[in-house]
Every structure is written in structure tokens, then in C-alpha cells.
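All values derive from a computational prediction rather than experimental measurement. As a basis for the values below, the full set of heavy atoms in this structure was taken, side chains included, without hydrogen atoms, waters or symmetry mates. Convention: sequence-line order gives letters A, B, ...; per-chain numbering from 1.
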Protein chains: 2
Amino acid sequence: MRILIVEDEPHLGSAVQERLREAGHAVDWFMTLADARAILLTMNYDVVVLDLGLPDGSGRTLLRELRRARSTVAVLITTAQDQISDRIAGLSEGADDYIVKPYDLDELSARVDAVSRRYGGGSGENEILLDDGLALDLSRHRLSRDGTEIDLTAREWAVIEALARRPGAVCSRERLEDALYGLGEEVESNAIEVFISRLRKKLGSGTIITVRGRGYRLAEPRA
Amino acid sequence: MRILIVEDEPHLGSAVQERLREAGHAVDWFMTLADARAILLTMNYDVVVLDLGLPDGSGRTLLRELRRARSTVAVLITTAQDQISDRIAGLSEGADDYIVKPYDLDELSARVDAVSRRYGGGSGENEILLDDGLALDLSRHRLSRDGTEIDLTAREWAVIEALARRPGAVCSRERLEDALYGLGEEVESNAIEVFISRLRKKLGSGTIITVRGRGYRLAEPRA
DNA sequence: TTCAACCTGACAGCAACCTGAACAGAGCGG
DNA sequence: CCGCTCTGTTCAGGTTGCTGTCAGGTTGAA
């Protein structure tokens, strides 16, 4: 999942970035509205973690711009305790959730996962059935076949999560790379293919279908 | 689909050309107004991707010339963020859409597809019914017979997309070649006939009708 | 009948893709 | 400090599937 953090406090921003990266996401972090605005034009994010009090303006401005431009990206607002009015206004302006500073990093990570699923491209379902008895539980981060659990590494999970975002739709390799590697982490090998190969070894070869020249997609359960 | 790119920035132009070619289109790329003007006299394009800030003048000049000459080609304007006035003027001068630089390539590709369908020769419909239970969904790039999907390669899709542009009308082989092969990519064999043959194998022999000496056309559903 | 246009099976080149293996770094226990 | 495991990345060689070309057959018009 590709996540944008807009947060001007260095320690907090870096801690959030690290925590979400450990969860397997591609995380970009900017400290100003201007930078955020620029990167949002070129990159499609799944979630924006947006602080309201920024040096060059309020995050609410950016939120309004996004919604006016018909962007459906999920937005999670972070705010100090004394800005309740801002928070409420943010929700009415199209934010999906808010969290009060100081917050627990695990709590933030859970909220990020939650908003990513109920907005934008997400399917909204928490449990997705794949072919051959496979069940993907996005909210609990679990994958099981006929009840027995299958362990995935962080990267493997990130790949299948990106594919499951729109089940049945083709997901390009570029898009998968965007979901795994943030700015400055780009990789120049066939890493995606290797993860696909490892996933197939764990899930069975029919689960992930190659669409030559366009990407990959998940097999849907046979009705 | 035949697409003309007018863009003076080498990296961007080449990236756009490559991306649209992967989508199965014939893509010509020129860096100056003069070259674009010359090629537009000899070749019929479906879409022009037009940058406004060019070395030998503004793209708006070319746009005005096109519309004054009653051309109905779809025009997609690309512009830097600080040229809002130019952008608005462009729309009022006959552009079909605009996109702000820097943009996401997937986004551009989607917009190109969109403007190509709502202008000029396009039928405007997103779902086209052919004979024998075949349904062609242009916006989702899907072809299905009675609900089961049929996979097409990039070239096969380009052929049927060109035929579907004016359903029922005869499309000459030259026109099909123009839609598949850009400048410098021309082929000198019966490649088109081969793709028609492959399509018939997948779709059934009655779907594409040969009009001897003039070209091909799609069969319409029996009323 | 003759000729041009068209159809289609076969095949080689090539790029995309797959996968086993090697390697570096982090973390951990002894 | 060493050895072990686990994870992620890179590389190399093999495989697959798309594409363009050709050859030989078929169709249709004059």
C-alpha cells in the first residue's frame, strides 16, 4: 500500500514512516503542503496521513483541494487535542477518520489499514475468497486455506494486498512496485516477479494469473 | 488508435510514447509545432496530446488552427501548474480535456482513452454489442461472450477497437495499419489479415465481415 | 479460366516472464 | 563473538507467448 505522510514534526514523522514501513507499506514523508501537493500529482496514494498544523498552511486546505479535484484517496487527519473544531470541520470536508496527538503508533497503523479498506479503490470487504479454499482476511492480516493458516512475509503480504484491492482487476507491475517501494527505495531487478513466484509456491500456481504485458490479477473462486 | 504527441521534453515524451504503445496504440511523437503541423496534414489522428509550452510557439496556436480547419480530432492539453489561464483558454478554444504536469502515466492513458471515445468518429457508447452474444466494453478493455471473458492480445484489441470505432462501417486495411503502426514501425506483410484471422478464431467466423477490395466491418447483432 | 485479393497454418525472433540459487544484512541465541 | 535463520534483493538461464513473415490454399469478380 502506498502511503503519504504530511507531518512537520521530524521525530514524529520519521517514527510513523518507520512503523508503517515495517508493516510492509511504501511510505513517503513530506513536511510541507507544497511538497505534498506536488507529489500528489504524480503518484497515486492509497492513504494520506495529514497533519492539520503545517508551516505553510492548514492541511484542511489540501483536503479541500483533493476533494474538489474528485480525488477518492483515503485521508486520515492527525491533530492536537485543542483543535477540536478543526477536526470536525475536517471530517465534514471529506476526511475519513481522525486521530488525536499524541497517538500510539499501533493505533495509527490500525486506523490507516481501516480507512484504506473503506474508501477509494478498496473493495470494502474484509474477507476475500480466492480460488481453491483460500481466504484472505485483510483486517486481521491472515491468509488461510481450508482453515489452516499460511504465513507470509511483509513483502509477500504487500503484494497480495495490492492485488486484492480490486479483485479480478489486472494490477500492473509498476503499480505493485509503487505499493512496495517508496521514494528513494526503488529497486532495479525483477523483485516483483520473485515475490509472485514465492507466493505461487505457497498458495498454488493457479491463484495469481499473469496477464502478459499488463500485469497480474487474482483468480476468482469458481462459482 | 493513432495518437500524436507534441511535447518538447525528451524524457517525458519518450515515456508517454512508450506507455501508450504498450497499450497497443500507434504513437508518433514530435517536439515542435512545425513538425506537428506538417504531420497533421498527411495523417489522420484519433487523439493529439498537446503541450502548451513549446520552443516554437504555444500549442494553443495549433489548437486554433485545427479547429478553424474544422478538424474534429480529440485534443488533450498538458500544461504546467502555473499556466491556469492558458488551460482555461485552451478548453474554450476546443480542447477536450487537460491534464496538469507532472502527471501520472496511467492517468494520462485513461484520459486519452476517454477523450477518444467522446469525440470525432467515436460512437460515444462504452459497451458495444456485436453478434452472437459478444459484448465489447471499450472503457474497461474487456470482451465477453454470454458473460465469459475472452482474452485478447494488445494487437488484437487494437484491431477490434478500430473496427468498433464506427460499428457497421467498413474500415480499410490501410486505416487499420495506421491504427497499429506508428511512423518507423510500418510492416510489409499481411499482418492485418493474420490478426483478423486470429480474431475470428477467438470470436467466431461471423463477427468480422470481409468487404472485398474495401476492408472489414463488424457484424451487427441480429435484431 | 484467370487474376487479384484474401485466408490460415507454420515458424522463427524476441521480449516478457519464471524460478532456482547465491548473497548481504538484521536479529537472535548461545 | 560466532553461527544460525529469516528476509529481501540480485543474477542467470530457461520457458512461454506475442508478433511479423511467408507459403500455399481458397474465394470471388470479370
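- The CD1 atom of B/Ile192 sits 16 Å away from the P atom of C/dA5 (whole-angstrom rounding).
- Residue-to-nucleotide contacts include a donor-acceptor pair under 3.5 Å from the side chain of B/Arg212 to the base of C/dA4.
- For the pair B/Arg217 (side chain) and B/Pro167 (backbone), a donor-acceptor distance under 3.5 Å is absent.
- In this structure, CD of A/Glu193 is placed 14 Å from C1' of D/dG13, rounded to the nearest angstrom.
- Within a 6.0 Å sphere centred on OH of B/Tyr216, heavy atoms belonging to other residues, nucleotides or ligands number more than 12.
- Atom CG of B/Leu199 and atom P of C/dT8 are 12 Å apart (whole Å).
- Rounded to an integer number of Å, the gap from A/Leu176 CG to D/dT9 P is 14 Å.
- When the shell of 6.0 Å around CD of A/Glu107 is examined, it contains more than 12 heavy atoms from other residues, nucleotides or ligands.
- When the side-chain nitrogen and oxygen atoms of A/Thr153 are compared with OP1 and OP2 of D/dC6, none of them lie within a distance under 4.0 Å.
- Backbone-only engagement by B/Glu188 is indicated by non-hydrogen atom pairs under 4.0 Å involving sugar-phosphate atoms exclusively.
- Proximity of A/Lys201 to the phosphate of C/dC18: no side-chain N or O atom is located under 4.0 Å from OP1 or OP2.
- Atoms CD (A/Glu185) and C1' (D/dT7) sit 15 Å apart, rounded to a whole Å.
- Residue A/Lys202 contributes atom NZ, which lies 16 Å from atom C1' of C/dT19 at whole-angstrom precision.
- Checking D/dT19, D/dT9, C/dC18 against the side-chain heavy atoms of A/Ser189 singles out D/dT9 as nearest.
- Mapping B/Val211 and B/Glu22 onto DNA chain C via the closest heavy atom, the residue that lands nearer the 5' end is B/Val211.
- Between the CZ atom of A/Arg214 and the P atom of C/dC17 there is a distance of 12 Å, given to the nearest Å.
- For the 3.5 Å distance criterion, the side chains of A/Ser116 and A/Arg2 fail to qualify, holding no donor opposite an acceptor.
- For the OP1/OP2 pair of D/dT9 and a distance below 4.0 Å, the side-chain nitrogens and oxygens of A/Tyr181 include at least one atom meeting the criterion.
- An OP1 or OP2 oxygen of C/dT8 is reached within less than 4.0 angstrom by no side-chain nitrogen or oxygen of B/Arg198.
- Residues A/Glu156 and A/Lys202 are paired through a salt bridge, judged by an N-O separation under 4.0 Å between the basic side chain and the carboxylate.
- Distances shown here put a side-chain N or O of B/Thr210 below 4.0 Å from the OP1 or OP2 atom of C/dC7.
- Within the 4.0 Å cut-off from OP1 or OP2 of C/dC7, at least one side-chain nitrogen or oxygen of B/Tyr216 is found.
- Between the CZ atom of A/Phe195 and the C1' atom of D/dT9 there is a distance of 7 Å, rounded to whole Å.
- Between A/Arg173 and C/dA16 there is no side-chain polar atom (N or O) within less than 4.0 angstrom of OP1 or OP2.
- Considering only side-chain N and O atoms, B/Arg155 lies under 4.0 angstrom from the phosphate OP1 or OP2 of D/dG20.
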